[in-house]
Amino acid sequence: MTLNTRPLTPSVGLEVLGVDLRHIDMPQVADLASCLDRASALLVRGQTLTPRELVAFSRRLGTLDEAPVNETGKTVVEGLPELYVVSNIKDANGVAIGSLGAGEAVWHTDMSYLENPPDASALYAIEIPSEGGDTWIAGMAAALDAMPAGLRARIEGRRIKHDGTYNSGGYVRQGVTPTDDPLTAPGALHPAIIQHPRSSREALYLGRRRNAWIEGMERAKSDALLDALWAHATRPEFTYKHRWQVGDLLIWDNRATLHRRDPFDPAARRLMHRTQISGKSIPISA
Ligand code: OGA
Ligand code: MN
């Protein structure tokens with residue numbers, strides 16, 4: 001161990017102390033990666049990362065995805081296709097410079113509507129509103145460990161359809177025809193319980209609630225079971241609530257967590273940069 005860490009909560013997250021991510025060495029990068037595998041989320045405060053430095057650091061954790069196109073159809077920063085902007089700020093023409101607006105971003109894990117979703121996402125704070133806009137992380141290994149056996153039995157061996165129609169802010173994704181029928185909506189089927197590719201730990205893998213469907217189940221039954229799973233998965237004891245400071249980097253493992261964001265005053269400014277580390281393998285059944 002070369003890094004100094006402390007738990008964020010008993011069930012999810014570690015804070016990594018005293019590092020400058022622009023200058024960490026190879027053993028520290030390896031340590032960071034194993035901390036992320038173990039704790040499912042990492043917080044590193046006090047960073048000063050240009051877009052290029054954020055991308056360069058992120059790349060040390062794995063191959064990066066190109067950023068998804070934002071809600072206005074723009075691929076964000078010129079020359080840095082890996083950088084995604086999460087912001088409510090509007091440019092001189094009144095067009096949003098990033099995604100997700102100022103409303104709530106409901107519980108989700110990133111891009112699970114793809115066959116091979118990103119392994120991890122890294123979100124870096126540049127401008128923060130004086131209140132609201134907190135980001136919550138829920139640990140899905142802890143949630144599964146604490147799940148009543150009867151509930152678990154109902155999803156063993158099952159797959160869940162993860163919707164690709166709406167993003168977590170409720171916006172329709174670029175090029176998609178809005179629908180509320182999970183059977184015909186774009187998306188991917190993934191095992192409800194997955195095994196982490198490196199730690200081998202099992203986790204509940206829910207993706208997002210809207211338009212979700214448990215394969216092969218009658219819609220009403222599927223909805224009732226999903227509601228029970230979501231109520232369990234987002235219980236406070238599995239969550240960490242992050243109050244942002246400028247210079248914070250929060251990294252989450254998309255195979256082992258959910259996250260959400262509180263709404264904030266639309267007149268306030270919030271600017272975040274995000275990268276995503278590509279999925280090395282599709283989510284596999286536990
Ligand atoms: C994201 C996301 C929440 C936030 O970038 O994937 O969900 O707090 N962001 O901005
Ligand atoms: Mn997200």
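Counting starts at 1 for both ligands and their atoms, in listed order. One is the number of the first residue; the rest follow in order along the sequence.
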Neighbouring protein N, O or S atoms of the Mn ion (ligand 2) [cut-off: under 2.8 Å, no waters]: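 Listed by chain and number, the atoms are H108 NE2, D110 OD1, H259 NE2.
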Considering all heavy atoms, the nearest P186-T165 contact: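 Shortest heavy-atom contact: CD-OG1, 3.6 Å.
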Minimum heavy-atom distance between E127 and I89, given as atom pair plus value: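 Shortest heavy-atom contact: OE2-CD1, 3.9 Å.
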Donor + acceptor pair across side chains of W213, D223 (<3.5 Å):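 Per modelled atom types, W213 and D223 side chains form no pair under 3.5 Å.
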Test: [X] and [Y] ion pair at under 4.0 Å:
| X | Y | value |
| --- | --- | --- |
| E82 | R52 | no |
| R261 | D134 | no |
| R201 | D37 | no |

Contacts of type side chain to side chain donor-acceptor pair (under 3.5 Å), residue H273, not counting sequence neighbours: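 So H273 forms no side chain to side chain donor-acceptor pair (under 3.5 Å) with any residue.
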Salt bridge (Lys or Arg N to Asp or Glu O under 4.0 Å): pairs with one or both residues in residues 181-197, sequence neighbours excluded: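 Salt bridge (Lys or Arg N to Asp or Glu O under 4.0 Å) check on residues 181-197 returns no pairs.
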Neighbouring residues of ligand 1, heavy-atom cut-off under 4.0 Å: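 Residues V86, L100, H108, D110, L123, T135, W252, H259, R261, R270, R274 each place a heavy atom under 4.0 Å from ligand 1, listed by chain and number.
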side-chain contact (heavy atoms from CB on, under 4.5 Å) evaluation trace for L43 with L249: CA-CA 6 Å; L43 169 65; L249 183 73; over 6 Å; no
